[in-house]
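Written below as structure tokens is the structure these notes are about.
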Amino acid sequence: MSRARADEEEYWHSSKFRAFTFDDEDDELSQLKESKRAVNSLRDIVDDDDDDLERVSWSGEPVGSISWSIKETASGSTSSLDGRDSSLQKGSSSYAALPKQGSSYSLSSLFKGELCLSLSALTDTGGKNYAPELRRPKAEYKDYSSDWSPKDTVKRMQRGKVCSLERFRSLQDKLVLLDEAVAGHDGNVITAVLIFLKRTLRREILFREVEVRQVALCHLIHFLRETGEQKFLLDLLRFLDRTEEVALSQYREHLNIQDVEKRREFLKGCIGLPFSAEDNSHIQDHYTLLERQIIIEANDRHLEMAGQSELFRKYPRKASILNMPLVTTLFYSCFYHYTEAEGTFSSPSNLKKTFKIPDKQYVLTALAARAKLRAWGDVDALLTTKNWLGYTKKKAPIGFHRVVEILQRNNAPVQVLQEYVRLVEDVETRLNLATKYKCHDVVIETYRDLKDRIQLTAYKCKVERGSAEEEKINSILNN
Amino acid sequence: MAAHLSSGRVNLTALREAGRRELREFLDKCAGSKAIVWDEYLTGPFGLIAQYSLLKEHEVEKMFTLKPGRLPAADVKNIIFFVRPKLELMDIITDNVLREDRGRSPQRDFHILFVPRRSLLCEQWLKEQGVLGSFIHREQYSLDLIPFDGDLLSMESESAFKECYLESDQTSLYHAAKGLMTLQALYGTIPQIFGKGDCARHVANMMIRMKREFPGSQNSIFPVFDTLLLLDRNVDLLTPLATQLTYEGLIDEIYGIQNTYVKLPPEKFAPKKQGEGGKDLPTEPKKLQLNSAEELYAEIRDKNFNAVGSVLSKKAKIISAAFEERHHAKTVGEIKQFVSQLPHMQAARSSLANHTSIAELIKDITTSEDFFDNLTVEQEFMSGIDTDKVNNYIEDCIAQKHPLIKILRLVCLQSVCNSGLKQKVLDHYKREILQTYGYEHILTLNNLEKAGLLKPQTGGRNNYPTIRKTLRLWMDDVNEQNPNDISYVYSGYAPLSVRLAQLLARPGWRSIEEVLKMLPGPHFEERQQLPTGLQKKRQQGENRVTLVFFLGGVTYAEIAALRFLSQMEDGGTEYVIATTKLINGTTWIKSLMEKLEPAPF
């Protein structure tokens, strides 16, 4: 038996006689997901744009533009179009008068070669479609009988023609074809050749060959990602020893898991994957956080339903805490579980310790949560530290100007506010804040300390007549 | 309708006309009445080529937006899908086709027009779903370079940067090369090609190869362009990250310009009719088209925003003076002349009213404290101050949960201005971001790292100061009102990309070899032979025309800077700009972010 015969034999036996196939059994699910995702993203696009007609006419979108017309014709109100036709007509007829230089070219004719319908190898002969019987144009037959070289094949494919690749049977032929495709830089063609190779080559051989062809490799990875062939992709990345990519690619999958329990399990499996050292600690945290959230959520939903807790009655939860970022979770915990002992999973101090949340971040979040509840006592305690002699001192790792901002945003009363304005170190900032938020005492004291009689006198007109503040100013000025 | 395309040095109407011709050819292939089902994304770009009237002349009776479910019952012979070759769109088409009523008579014929290219992958996908055979015509429409303005072309390929630099998918480069071949077919072979970057090298290679392989493209048109400059976006990652400070740039930063249209909050555009005060305030966004067909816009679009106010008030005075003229019109002849000018004056007045409103909207934002703080930090980074430590403002923004994209823009800017961040600084930012915005963003941070936008400093070397000084990227004495340098577009920072173009024209890149070596990718020069009859003999004082092609996107501020160079009296070069996509920092970063599933509630 000649060598060619052997190749042929192998071909007839191995290939399943389908032009192109994705030989992945379990991709039905991923297709569904794909389409759902597409639908969701499309809805965004559609919603984003105005749908009704009144809006269009007002918005200044030129009547007759394509996006305008979609709405117009879709709604069936063609009558309104007719009235505007004259102006449209004018627009479109004006092209005739344009300079003729070059306009005899059509874009495609420059590259595509002759145009012919390419219903061919790809046309499905199975019973699934109900399209009218399609005649294959005569010219197309030629493609199958003649022997195009790999180079010509690639060129034809670049021009948008369908070529049968089945005739490339030996490994060497296939690789020449791939190299030609890569040299053409047309991703469309490269991908088509890769699909062909993926189907007709053993996995190890395909992997080995693309490893030394970087461009082809990138396209294969991109293609596998697009079509959701996760398993094949991971095998490939593992073969290439691109372990960090394997890890990330696997981790990415969690986004497709809606059920939280399953998602948690999945994340657990991601721990210890070959991420970079510091990414690994983030993944670990991600898992731990979701685990916590599941516990907290179950607990709190129960509490809320029971209606026993005043806090939950007064401030019903706006959304579940599941899958929220860490800082949001901390805020939630500072809001609903502030007083709990460190031992409980839902307590802020436990979160702080588990996730090594820096002081600054913690204070900021706790402050915002407690201020929102107008728990000024907690705010005070949060910013008070005791030294080893038992003296207490006010301290704010975020700076007192930030404290003031947060409290002000939560409508803190002046008495509370001024206590912290007073602690702002920078004199100018302090004066600014005090003036802005009408903390008269602080303004007066600051001017007194600065011995600024002029400013103090000037400030007198800003306070109420006969008030205690006015008296204070007078007494200072008189001394 | 397309007058603005012929206003520049190169008449781009011819390109538009070629596009229209091809569209008509395709439509006529599907004989009989038709309905078009649009991939929503394409309507914008197509709108720049053709309006509905053209389609209607070719028997397009209905148009729909592509969405899943049953197609609307339109009584037409053909249903044509205009789509980008994307798998998710194929799924929707499949759904449409499968739900088509088989019993209806007469049956409707299906066709697909892929824009800009047919995709074997998509066709394979359709075949898998068992619907491929349902399509009679499957063709492609090479909408490669779309004329946006007299000196501006874009491919509007939103994922080009991501594909080139993240996924090493060079398909968009192939389209760019094809677009350039089309351009050469219409405007003559470009004798000189310069480039910087890996992608630029690829495109130049492809062009040379295509020219060799399609001898038919050897044309006898007198060359309009003297030079082509191909620039990789990753040669200059800095510029798009900074906030653009030109009028047009700010409109884009704040409201987003899409296919020359912008949607604005309606409050400031309420029609001021007497007696209806405050009653019928419009609630839908006001949509305006922005291009140089509008005289006033052409004048102010590229100015620094701080110089726009004075122009607007000057215009206001001129227009009111013009309207006052009517009191002086005594004779019939004078009145007649006044009346004949009225339409033009009315148009000028409404244009002025619109731009005054837009300027007010923008001013509200540019005068805000946060805008100022953000800009201060950007400018510190770009001028090389404190780029190597954790920045307080960025930390504050994270703590206050400002939009993630804003944070990423700043952190990336800092990284680029420091040739990478110290490992400790990088880790700190990463941790803060993940804790505040969610751990899943680890995927996005990885993408940014792969694209070179966010990275650890390697070798402890920071090249940026050298690059900044040599290319004079930071100018302290910037003149926003009467600029004398391109740095006015960012109030101090001269976009690196445009500086490269400027230095290429004069004195040539030889003077900056050292710096070019610090920037990624090769720099090169190629010459394309012209038949002897076509070699240009330049008239004295005639400007050269350079086409600058930004592979991976260009900002409006960069365009403004190039237009500034075109207008310089002794510049000697006029620029036409082409790009894969018009971008700003926000849309650019967004294109690199991992698409996250919506929250499950």
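Every chain is numbered from 1, with letters handed out A, B, ... down the list of sequences.
In this structure, the side chains of B/Glu395 and A/Lys360 come closer than 4.5 Å at one or more pairs of heavy atoms. Residues B/Leu120 and A/Thr191 have side chains not in contact (no heavy-atom distance under 4.5 Å, counting atoms from C-beta outward). A 4.5 Å side-chain heavy-atom check between B/Gln435 and A/Lys356 finds every atom pair outside the cut-off. Considering only heavy atoms from C-beta on, A/Leu248 comes within 4.5 Å of B/Leu443 through its side chain. Side-chain contact check for A/Tyr287 versus B/Tyr439: every heavy-atom pair is 4.5 Å or farther apart. Taking the side chain as every heavy atom from C-beta outward, B/Thr436 and A/Gln361 approach each other to under 4.5 Å.
With sequence neighbours left out, A/Asp186 forms a salt bridge (charged side-chain N to carboxylate O under 4.0 Å, His left out) with B/Arg117.
For a residue to count as touching a neighbouring chain, one of its non-hydrogen atoms must lie under 4.5 Å from one of that chain's; by this rule B/Asp95 does not touch chain A. Neither the backbone nor the side chain of B/Glu163 comes within contact range of chain A; no heavy atom of the residue lies under 4.5 Å from a heavy atom of that chain. Using a 4.5 Å cut-off between heavy atoms, B/Lys401 contacts chain A through its side chain alone, with no backbone atom that close. With a threshold of 4.5 angstrom between heavy atoms, A/His222 approaches chain B through side-chain atoms but not through N, CA, C or O. Residue A/Phe275 does not touch chain B at all, counting heavy-atom pairs closer than 4.5 Å. If you measure heavy-atom distances from A/Ile190 to chain B, you find no contacts under 4.5 Å at all. Residue contact with chain A, scored on non-hydrogen atoms closer than 4.5 Å, involves the side chain of B/Asn446 exclusively.
Looking only at distances, no side-chain donor or acceptor of A/Asn188 sits under 3.5 Å from a matching main-chain atom of B/Thr171.
Heavy-atom minimum distance, B/Gly438 versus A/Pro325: N-CB, 3.6 Å.
For A/Arg252 and B/Glu440, the salt-bridge test fails: no basic side-chain N is under 4.0 Å from an acidic carboxylate O. Comment: B/Arg431 does not engage A/Glu278 in a salt bridge, judged by the lack of any side-chain N to carboxylate O separation of less than 4.0 angstrom.
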message: Run the side chain to side chain contact (heavy atoms under 4.5 Å, CB included) test on A/Ile283 and B/Ile442 for me, step by step, so that the C-alpha distance in whole Å, both residues' side-chain angles and the decisive distance to 0.1 Å come before the verdict.
response: CA-CA 9 Å; A/Ile283 304 294; B/Ile442 214 171; 4.1 Å; yes
message: Could you walk me through whether A/Val327 and B/Tyr437 satisfy the side chain to side chain contact (heavy atoms under 4.5 Å, CB included) test, starting with their C-alpha distance in whole Å, then the side-chain angles of each, then the deciding distance to 0.1 Å, before giving a yes or no?
response: CA-CA 8 Å; A/Val327 170; B/Tyr437 298 91; over 6 Å; no
- prompt: Can you list the steps and then say if B/Glu167 with A/Ile221 is a side chain to side chain contact (heavy atoms under 4.5 Å, CB included)?
  reply: CA-CA 8 Å; B/Glu167 290 156 355; A/Ile221 291 173; over 6 Å; no
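Highest contact tally toward chain B, considering only A/Asp279, A/Thr328, A/Val215, is held by A/Asp279 [criterion: heavy-atom pairs under 4.5 Å]. Of the listed residues A/Ser281, A/Ala183, A/Ser276, A/Ala368, the one with more heavy-atom pairs under 4.5 angstrom with chain B than any other is A/Ala183.
Atom CD in A/Glu226 sits 6.5 Å away from atom CD in B/Glu88 (nearest 0.5 Å).
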